[in-house]
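So that the names make sense, note that chain A is the first sequence line, chain B the second, and so on, each numbered from 1.
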Amino acid sequence: MKESLRSITEQKAFAFCSFFSLNLIFLLNLSIIVICYKNLLKKSKRKGFDMIITNNDWVYEKYKNCSNHNMFFIEGSYKDVLIKTRDKIHEGYELLTHPLSSSLKPNETPFKSIIISENKDKLNMDSLIIIENSIMSWEKFNNEKLKLNFTKQIIEDFKLIDLTVLESALNKK
Amino acid sequence: MIKVVQYINQFFANVGGEEMAHIPAEVRTEIVGPGLAFQQAFKDEAKIVATIVCGDSYFNENLEEAKKTILEMIKEYNPDLFIAGPAFNAGRYGVACATIAAEVKEQLNIPVLTGMYKENPGADMFKNKVYIVSTKNSAVGMKDAVKKMAPLALKLAKGEKILSSAEEGYLPNGIRVNFFEKERGSKRAVNMLLSKLQDKEFETEFPMPDFDRVEPNKAVKDITKAKIALVTSGGIVPKGNPDHIESSSASKFGKYDIDGVMDLTEETYETAHGGYDPVYANLDADRVLPVDILREFEQQGKIGSLHRYFYTTVGNGTAVKSSKAFAAEFSKELKQDGIDAVILTST
Amino acid sequence: MKLELGYIYIKDIQFAEKSKVENGTLYVNKEEIKALVMEDQNFKSVEVELAKPGDSTRIMPVKDVIEPRVKVEGPGGIFPGMVSKVQTVGSGKTHVLKGAAVITTGKIVGFQEGIIDMTGTGAEYTPFSKLNNLVLVCQPVEGLKQHEHEKALRFAGYKIAIHLGELARTLVPDESEVFETPTVKEGFKLYPELPRVAYVLMLQSQGLMHDTYVYGVDAKQSLTTMLYPTEIMDGAIVSGNCVSACDKNTTYHHINNPVIHDLFSEHGKTLNFVGVIITNENVYLADKERSSDWSAKLAEFLGLDGVIISQEGFGNPDTDLIMNCKKIEAKGIKTVIITDEYAGRDGSSQSLADADVSANAVVTGGNANEVINLPALEKVIGYTSVADIIAGGFSGSLHEDGSITAELQVITGATNEMGFNKLSAR
Amino acid sequence: MVKEIERAGIPVVHMCTVVPISLTVGANRIVPTIAIPHPLGNPALTMEEEKDIRRNLVARALRALETEVTEQTVFEK
């Protein structure tokens, strides 16, 4: 998992923010985040809306400025998205879409977008079981490293399917 | 000609019943008891060159010694195939058959086969390690057992491809193998539903995992005198993970000395667990393994003492991998060290 | 509701001047079919090929398989709300060209998979190797977006299947079969002693290339609802799902749903086949909860004793399957579920992505990860290079000699979760 | 793991966040904890506040060990 130092400190800062109500430390952390990681961290954060965790830039570009979704973009793999989602669920966020959406197998498509609720609460058992089983399913399929040579066209096809499958859930709003 | 060695107990060797279960292992060169039926089934493809007869009590009560001596006996004949039982529903005999079969397979690397009733304790313990043919629950099923065991034994000896459990008659061992049924899936589903509706027995084609129960132990009489041990599946290890415990589906557990350690700090302890965000545990491992508080309670006399060692492994994933073997092993050690109670923490 | 199916058995398929069916052979005018397909300007060109049982022929990538049928009596037409008008079908009389099929193939997206081999190892794993197939290879116009391309291909298949079905309108069937489902009230009166059984049919509904349509309505937009079984025999449900070849339901699977036929064969004898509950498999978890709540509610409302549940697809539908099973069992209604497995190439991994102790009666269509070798075949209809990036295959899958090493999941219908095949696993 | 310790004749209390899993794997004395990544602490609080939470949880675990139980019991307070 290409979890660089950046995203570990980002997780810590994010965790601190969500616990404090609007007070000094929160603003302090937010400004630190903005200054240090502005270009790297393509992440916008507004309270009270659900959050899309994705490594698909088509999803990010399309919905980054959209009013009722927060975006958490990860420059990483399908698994990095699953791991980030799991960490969030451990913190009390709830899963809104199934991480194994679409019939594309975890060792085929490199892209995955998942929606989680923004309102933190007690650990959600169903979300936990689903995300843990999804990670195990990712591990199971990736025992076989498929040596697929993706052309630019195929990469875009995978991005499109991930986007359209996500939108079949987004239109729920 | 395939050379076969068979293992049977005192009962099937007509030595006697429970009263003779103590007899140590001995070798017979003539064919004994069930061996006759097997030899008939083998015709001239295989020959039973020796039969090991061993009392069930002897085997289970002198496990290491029995295993060693029996292995020596078998080595002498350097057989191409080893058959144990069938044990039907005889518990200790079943465990003995499965244990020795697994041992022979591991140590001598020759094909092995045993057979027993699916509810025999030996089946549950070893069905994922050796092929165990599913037999009826009493010796009445001998003919049927030999009819299933003999052909599968020959296939194993000749190294032929082993098909699915449904076709070869061995107990499902967790390895899913495809095959073609006589009826299509939808017809099988209708038949299965009809049996289920009429409360008749039916066999699911994919068993869901289930868990057995263990009764709770008596409470601790006086906690202020009790020797408490800490165990965790949260993967807390000394800094640098000296024993390299894997971050998921760990293949080992750690036993670490905390004599004189009053608090777990960022410099001294960390987590090896890959199943959760490690940041918080790395900052202060007490958040997973409460050594600081237990030391406090120890000084205040709220507990007798905190055991010198703590045991740790990584139980990763929602379907907690039963690290049965680890726990069985270190529980024995805890018992020997006179531990009165255990606090097990999980993430 | 009562429907008579008249089977006209097709043993051979030939190109000919005039399209007609004559003593078991389906004659097809190639140009006529091409012209029909080209009516849709989304297509630049189309090839029409034949693939018969035993031919040394491979078809890939397969998008859909459709059976030619025609309604000769009773309201509505085949594929209501999709091709024919929106009218309740499922009663009267329908003729079927049994043993023939239309197969659409085309590169909508680069990675799409789905192989049908008419001979060799692959032929054993797909029911479509036993059919006389008319295969459409359609080339889209430049720059056609995936949505439009997928839809154009889908409708091309339906149009040609309906066109061929017309050939059977005036023929006398070789064999007929009558299916009748009483109303709930009649059912109670007719079969007071028999257990009341229904079929819970889960439909894939996750978005582009993952959709199913009921009377033309996208299943993901529908709440769980009821159908008479015979409506499905007239094409009330059609497939827009073309990902995960081994366990997606083609339109052929839907219109020949094996669970419906096998329940009918026991209807009035050992059980009372009450009807079909259809439910979807959406991405949104709240939808999964809602749809499975409704399945259980309907099952209870109909006073059922038992249900058979079949899922479609891989991964997230396991969650719906277990939800449906758990909630229906909680109503005291007995269930049997049909699924397939992804147990890894060595068969040792966890087959399903969800599980529950109440799912104690399971029928399986086999392990889709099993690796098989498909021999090189003389003729390939479709796009050979796709095999390289085919799901379950890897760059080593297509060998120079044209043979393929890949997982079973690349074969269309191989581990079908309606129980269409005899393949299983233990 | 918890079952093997119990089977060896040693009373055991299982402190874990996901109680349903603990029930499934057969624990008889269960103390629910804070969260998966930090079961016996809460990083959002001060060190002293965290120790207090931990102290209560461990005390509750000891109480569980001193309590006779006949079936799977979750010690909420």
Exercise for the section: Please determine if A/K64 and A/E61 form a salt bridge, counting it only when a charged side-chain N lies under 4.0 Å from a carboxylate O. Expected result: yes
Practice task
Check whether C/D218 gets within reach of chain A through its side chain, its backbone, both or neither, counting any heavy atom under 4.5 Å.
Solution key: neither
Practice task
Please flag which part of A/S102 lies under 4.5 Å from any non-hydrogen atom of chain C: side chain, backbone, both or neither.
Solution key: both
Exercise for the section: Using only heavy-atom distances, determine whether the side chains of A/S103 and C/Q204 contain a donor-acceptor pair under 3.5 Å. Expected result: yes
Practice task
Specify whether C/F314 and A/F141 have parallel, tilted or perpendicular ring planes, treating 30° as the upper limit for parallel and 60° as the lower limit for perpendicular.
Solution key: perpendicular
Exercise for the section: With a 4.5 angstrom heavy-atom cut-off, could you sort out which part of C/E281 is near chain A: side chain, backbone, both or neither? Expected result: neither
Exercise for the section: Pick one of side chain, backbone, both or neither for A/I155, based on which atoms fall under 4.5 Å of a heavy atom in chain C. Expected result: neither
Handout entry: Check: A/E139/A/N143 side-chain N/O donor and acceptor closer than 3.5 Å
Key = no
